[in-house]
Undergrad: 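Before we start, here is the structure in question, set down as structure tokens.
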Amino acid sequence: MSNIYKAFENKKAFIAFLTAGDPDFETSVENFKAVARAGADLIEVGIPFSDPIAEGPVIQEADIRALSAGMTTDKVFELLKEVRKEVDIPIVFMTYANPVYHYGTDKFFEKASEAGADGIIIPDCPFEERHEFCDTAEKYGMDFISMIAPTSEDRIKEIASQAKGFIYTVSSLGVTGVRNEITTDLATIISHIKEVTDTPAAIGFGISTPEQAKEMSKIADGVIVGSAMVKIVAAEGKNAPEKLYEFVKSMKN
């Protein structure tokens, strides 16, 4: 069992996403520390990439800012090591197949594990091809996080039954981004998941307010918030840590 279970132990988990290196290395480190201090139970660290196909404009722009500031995969590993000096909650990487392949799969997971990552999410890796990554992730003690979308339908139970760490349940069709309302029948999806596994299920894509977080936490084991936090970084720049702290505190409460 990996470190990830601690995020869900006897509580609903608040999972925070930020892009590594946005707006710069030093501020990004402080952003992640602030999020942890504010009560986040798990952190997703986005590895900036030039073609993040699951992301909406907010996170796409964050990736561009981070890349323009000189972020590389190696610097993301360095950043996580800095964060790990003060933060011991579970941390997972969010990235895409291309950067992992390009870096070298075995080398990537070895470095990620050394840096302190507990798991990884690769949105463009189909379930049927997960062994391209999950076997190597497990070799280095990291969980390969499965994603279940509203389109998964008959595959929900199959994906859930083999899931590790936690299950990333996608709230809506499309890319990441703030949504005014979430209309997907998530209760049914979560019930199908619970029929076959005890692995915690968290809901992401579109959650941006304490009210939405409260509603989603009634049916899921946790909520994932990304774009709303990345918007704070875009607006506040080097002043983001304080604002992120306040936002995460309100969402966690």
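Throughout, numbering of the chain's residues begins at 1 and tracks the sequence. All values below were derived from every heavy atom in this structure, side-chain atoms included, with hydrogens, water molecules and symmetry-related copies excluded.
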Undergrad: Can you list every ring-ring contact (aromatic ring centres under 6.0 Å, His included) pair that touches residues 113-134, not counting sequence neighbours?
TA: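 Only Y101-F133 qualify under ring-ring contact (aromatic ring centres under 6.0 Å, His included).
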
Undergrad: Could you check whether any side-chain N or O of T169 sits under 3.5 Å from a backbone N or O of I203, counting only pairs where one atom can act as donor and the other as acceptor?
TA: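 Pair absent, no side-chain N/O of T169 close to backbone of I203.
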
Undergrad: What residues form a salt bridge (charged side-chain N to carboxylate O under 4.0 Å, His left out) with K107, not counting sequence neighbours?
TA: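 So K107 forms no salt bridge (charged side-chain N to carboxylate O under 4.0 Å, His left out) with any residue.
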
Undergrad: Do any N or O atoms from the side chain of Q212 and from the backbone of S208 form a donor-acceptor pair under 3.5 angstrom?
TA: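 Between the backbone of S208 and the side chain of Q212 there is a qualifying donor-acceptor contact (under 3.5 Å).
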
Undergrad: Sorted by first residue and then second, give each salt bridge (Lys or Arg N to Asp or Glu O under 4.0 Å) pair with at least one member in residues 201-213; sequence neighbours left out.
TA: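 Qualifying pairs: none.
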
Undergrad: Consider only side-chain heavy atoms of I, L, V, M, F, W and Y, link residues closer than 4.5 Å, and tell whether Y245 and L18 are in one cluster.
TA: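 No, because Y245 and L18 fall into different hydrophobic clusters, even though each may have its own neighbours under 4.5 Å.
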
Undergrad: Return yes if some donor-acceptor pair links the side-chain N/O of D221 with the main-chain N/O of A202 below 3.5 Å, else return no.
TA: no

Undergrad: OG1 of T197 to NZ of K164: how many Å apart, nearest 0.5 Å?
TA: 10.5 Å

Undergrad: Compute the ring centroids of F77 and Y103, then answer whether they are less than 6.0 Å apart.
TA: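 Here the rings of Y103 and F77 have centres that are less than 6.0 Å from each other.
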
Undergrad: Could you tell me which residues satisfy salt bridge (charged side-chain N to carboxylate O under 4.0 Å, His left out) with E9, sequence neighbours excluded, listed by chain and number?
TA: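 So E9 forms no salt bridge (charged side-chain N to carboxylate O under 4.0 Å, His left out) with any residue.
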
Undergrad: Using side-chain contact (heavy atoms from CB on, under 4.5 Å), reason through T73 and V100 one step at a time and then give a plain yes or no.
TA: CA-CA 9 Å; T73 302; V100 180; over 6 Å; no

Undergrad: Not counting sequence neighbours, which residues clear side-chain hydrogen bond (donor to acceptor under 3.5 Å, both in side chains) with R84? List them please.
TA: D118

Undergrad: Is the shortest side-chain N to carboxylate O distance from E61 to K231 below 4.0 Å?
TA: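 No.
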
Undergrad: Compare all side-chain heavy atoms of P123 with those of M94 and state whether any distance is below 4.5 angstrom.
TA: yes

Undergrad: For T27 and D24, does a side-chain donor sit closer than 3.5 Å to a side-chain acceptor?
TA: yes

Undergrad: Can you tell me if K6 uses its side chain to pair, donor with acceptor, with the backbone of P90 under 3.5 Å?
TA: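 No, K6 side chain to P90 backbone: no donor-acceptor pair under 3.5 Å.
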
Undergrad: Using modelled atom types only, decide if a donor and an acceptor are shared between the side chain of S113 and the backbone of Y140 within a distance under 3.5 Å.
TA: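 Flag set: sc S113 to bb Y140 pair under 3.5 Å.
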
Undergrad: What distance separates S50 OG from L67 CG, expressed to the nearest 0.5 Å?
TA: 7.0 Å

Undergrad: So, T72 side chain and K75 main chain: donor-acceptor pair closer than 3.5 Å or not?
TA: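 The answer is yes, because a donor-acceptor pair under 3.5 Å joins these two groups.
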
Undergrad: Side chains of residues 32-42: which donor-acceptor pairs under 3.5 Å do they make with residues two or more places apart or in other chains?
TA:
| unit_1 | atom_1 | unit_2 | atom_2 | d |
| --- | --- | --- | --- | --- |
| K33 | NZ | E86 | OE2 | 3.1 |
| D41 | OD1 | K252 | NZ | 3.2 |
| D41 | OD2 | F14 | N | 2.8 |
| D41 | OD2 | K252 | NZ | 2.6 |

